[in-house]
Amino acid sequence: MLRNTLLYLSNQQRLFNFVRNNRFAKGLASRFVPGETIEEALDVVVGLNGRGITASLDLLGESVHNEDEARAAGREYLTILDRINERRLDANASVKLTAMGLDVDEDLCVEIMHAILGRAREYGAFVRIDMEGSPYTERTLRIFYDRLYPTYGPHVGIVLQSYLYRTDADVRQAIAAQCRVRLCKGAYQEPPDIAYPKKKDVDASYVRNMQVLMRDGNYPGLATHDERMIDAAKRFAHSKGIAAERFEFQMLFGVRRDIQEDLIQAGFRVRVYVPFGTQWYPYLMRRLAERPANLAFMTGSVLREAVRRR
Ligand code: FDA
């Protein structure tokens with residue numbers, strides 16, 4: 001119930017306009033979004049790299065409203081790739097197609113992606129296309145397979161979500177193409193005719209698809225904080241003799257740093273997703289929806305800090 005309410009609120013842009021400059025809301029956001037500028041985000045990446053962890057930088061911002069906004073967001077991604085390269089950081093970038101103008105004009109979106117992926121190829125870098133809600137699944141995969149992957153192969157990858165019924169078939173397609181996949185459970189509100197309503201089925205789908213990707217896929221990214229999924233991956237790798245270099249675990253900035261450290265100590269690869277920018281509201285609401293207990297925990301810590309400051 002609370003999850004659905006938070007996911008509903010994540011789409012209410014008017015509410016964001018209202019809380020945008022509110023100190024309390026910004027305090028909550030800072031737990032998951034380490035900064036509004038690229039330099040702040042890069043400093044976080046330096047810290048992660050120092051701990052043996054790689055990163056994926058994400059400029060926050062979803063569906064843009066016109067061509068100018070889409071082109072501006074595209075230019076920001078070129079800067080991200082330039083700065084990663086200049087500072088010699090161990091990081092890649094994650095991008096949402098709606099932020100590159102998918103809802104404005106598909107050809108525009110593809111043109112902007114060509115510029116970004118061309119720059120990534122120049123640097124030998126990698127860009128992951130995030131997966132958004134189900135109205136975008138088919139379009140995102142079609143653009144990826146028909147218009148981007150054939151040209152940029154190892155420099156671009158996709159995300160598949162285990163809560164969708166279609167994902168078993170999508171994993172088979174990805175394996176046939178040998179493209180890089182990030183597997184996550186899925187963060188959007190989806191109807192029961194296209195997504196498993198029960199967590200146990202989402203988890204079973206995650207384990208099933210994770211195993212196929214680990215065995216036959218191309219360097220899958222296992223994006224989860226769920227210790228049961230992580231243990232299942234470790235056990236599967238051990239039983240099938242799959243080396244730790246053949247896959248990576250991925251987690252979100254601000255979530256389960258303890259597990260990140262344990263995995264690194266045990267010799268596994270870990271990448272942390274580092275979102276930054278001013279458009280933090282829908283991202284924050286999705287994180288709260290994943291674990292509503294965060295709301296109470298974070299409210300308490302922001303209030304305590306506010307009291308201390310007085
Ligand atoms: P689950 O939600 O079952 O949580 C298991 C446990 O993990 C919880 O009990 C808690 O301990 C911990 N946990 C999970 N989320 C937490 C949070 N927010 N705060 C604190 N603890 C938390 N989704 C999508 O639809 N498209 C995408 O492109 C991506 N990309 C992406 C990249 C990366 C690197 C990650 C880690 C995740 C995504 N996601 C995503 C989000 C993903 O789909 C999913 O919503 C979250 O990862 C939560 O699912 P878990 O697998 O962590 O398990």
Side-chain angles (χ1 to χ4, degrees), residues 2-3 6-7 10 28-33 48 53-60 62 91-99 126-137 140-141 144 156-164 166-167 170 180-190 194-196 198-207 209-210 220-233 247-260 262-263 269-275 280 282-299 301:
L2 186 52
R3 175 177 187 270
L6 289 164
L7 286 176
S10 74
L28 286 184
S30 66
R31 157 91 197 271
F32 294 112
V33 180
L48 289 169
I53 295 175
T54 59
S56 191
L57 282 170
D58 167 47
L59 173 66
L60 292 170
E62 321 207 350
N92 62 33
S94 290
V95 62
K96 289 185 175 47
L97 292 187
T98 59
F126 177 81
V127 175
R128 176 85 59 182
I129 300 176
D130 284 343
M131 188 55 82
E132 305 181 63
S134 57
Y136 299 103
T137 313
T140 302
L141 293 179
F144 173 77
V156 61
I158 42 162
V159 178
L160 297 176
Q161 300 153 318
S162 75
Y163 64 14
L164 296 181
R166 58 176 288 161
T167 292
D170 289 338
R180 272 173 66 176
V181 174
R182 170 198 297 154
L183 183 68
C184 65
K185 291 189 188 176
Y188 298 82
Q189 197 168 18
E190 301 293 0
I194 58 165
Y196 296 106
K198 293 202 179 115
K199 181 172 162 51
K200 75 171 182 17
D201 296 323
V202 177
D203 290 355
S205 162
Y206 193 96
V207 172
N209 284 299
M210 173 181 83
L222 310 178
T224 182
H225 315 95
D226 188 332
E227 287 174 88
R228 285 168 315 118
M229 305 295 111
I230 293 168
D231 286 345
F247 61 95
E248 65 181 28
F249 289 104
Q250 300 186 350
M251 295 189 204
L252 302 176
F253 175 84
V255 182
R256 298 305 308 257
R257 196 177 142 142
D258 55 337
I259 307 183
Q260 298 167 19
D262 289 350
L263 287 169
R269 294 187 174 183
V270 177
R271 185 178 304 276
V272 166
Y273 187 95
V274 180
W280 41 262
Y283 181 84
L284 170 67
M285 297 309 273
R286 285 199 297 275
R287 299 298 74 84
L288 294 178
E290 276 153 15
R291 192 166 177 263
N294 279 340
L295 195 55
F297 168 75
M298 288 159 62
T299 305
S301 73

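We're numbering straight along the sequence, starting at 1. Both ligands and their constituent atoms are indexed starting at 1 by order of listing.
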Requested in this report: Going by heavy-atom distance to atom 42 (C) of ligand 1, choose the closest among Gly221, Cys184, Gly254.
Outcome: Cys184

Query - Proximity to ligand 1 by part of His225, non-hydrogen separation under 4.0 Å - result: both

**Report entry** Check: Thr54 side chain, Val272 main-chain N or O, donor-acceptor pair, under 3.5 Å
**Finding:** no

Report task. Show which atoms of ligand 1 fall inside a sub-4.0 Å distance from at least one heavy-atom site of Asp130. Result -> 28 (O)

Report summary line: Interatomic distance, CD@Glu248 vs CG@Leu263, rounded to 0.5 Å, equals 11.5 Å

Query raised in the report: Between the side chain of Glu132 and the main-chain N/O of Leu97, is any donor-acceptor distance below 3.5 Å?
Result: yes

**Report entry** For ligand 1, the portion of Leu252 having any non-hydrogen atom under 4.0 Å away
**Finding:** both

Report task. Would you confirm whether His225, through its side chain, and Ile259, through its main-chain N or O, come within 3.5 Å as a donor-acceptor pair? Result -> no

Query raised in the report: When you look for heavy atoms under 4.0 Å from ligand 1, do you find them on the side chain of Arg286, its backbone, both, or neither?
Result: neither

Report task. For Arg182 and ligand 1, answer yes if some heavy atom of the residue is under 4.0 Å from a ligand atom, otherwise no. Result -> yes

Report summary line: Closest to atom 24 (C) of ligand 1 (heavy atoms only, candidates Arg271, Met131, Arg31) is Met131

Requested in this report: Give yes if a backbone or side-chain nitrogen or oxygen of Tyr163 is under 3.5 Å from a nitrogen or oxygen of ligand 1, and no if not.
Outcome: no

Requested in this report: With heavy atoms under 4.0 Å as the rule, classify the contact between Tyr206 and ligand 1 as side chain, backbone, both or neither.
Outcome: neither

**Report entry** Test item: Thr140 and Val159 side chains (from C-beta on) under 4.5 Å apart, heavy atoms
**Finding:** no

Query raised in the report: With distance as the sole test, does Ser205 use its side chain to make a donor-acceptor pair with the main-chain N or O of Ser162 at under 3.5 Å?
Result: yes

Query raised in the report: Who gets closest to atom 51 (O) of ligand 1 by heavy atom: Thr224, Val270, Val274?
Result: Thr224

Query raised in the report: What part of Lys199 sits under 4.0 Å from ligand 1 if we count only heavy atoms: the side chain, the backbone, both or neither?
Result: side chain

Query raised in the report: Are the side chain of Arg31 and the backbone of Gly254 linked by a donor-acceptor contact shorter than 3.5 Å?
Result: yes

Query raised in the report: Do any N or O atoms from the side chain of Glu190 and from the backbone of Tyr196 form a donor-acceptor pair under 3.5 angstrom?
Result: no

Query raised in the report: Would you find a donor on one side and an acceptor on the other, under 3.5 Å apart, between the side chain of Gln250 and the backbone of Arg182?
Result: no

Report task. Please determine if Lys185 has a nitrogen or oxygen closer than 3.5 Å to a nitrogen or oxygen of ligand 1. Result -> yes

Query raised in the report: Which of the numbered atoms in ligand 1 are below 4.0 angstrom from a heavy atom of Ala187?
Result: 23 (N), 24 (C), 25 (O), 43 (O), 45 (O)

Query raised in the report: Does Lys199 come within less than 4.0 Å of Asp201, counting only side-chain N to carboxylate O?
Result: no

**Report entry** Nitrogen or oxygen of Glu132 less than 3.5 angstrom from that of ligand 1
**Finding:** no

Report task. Could you list the atoms of ligand 1 found under 4.0 angstrom from a heavy atom of Gly186? Result -> 25 (O), 42 (C), 43 (O), 45 (O)

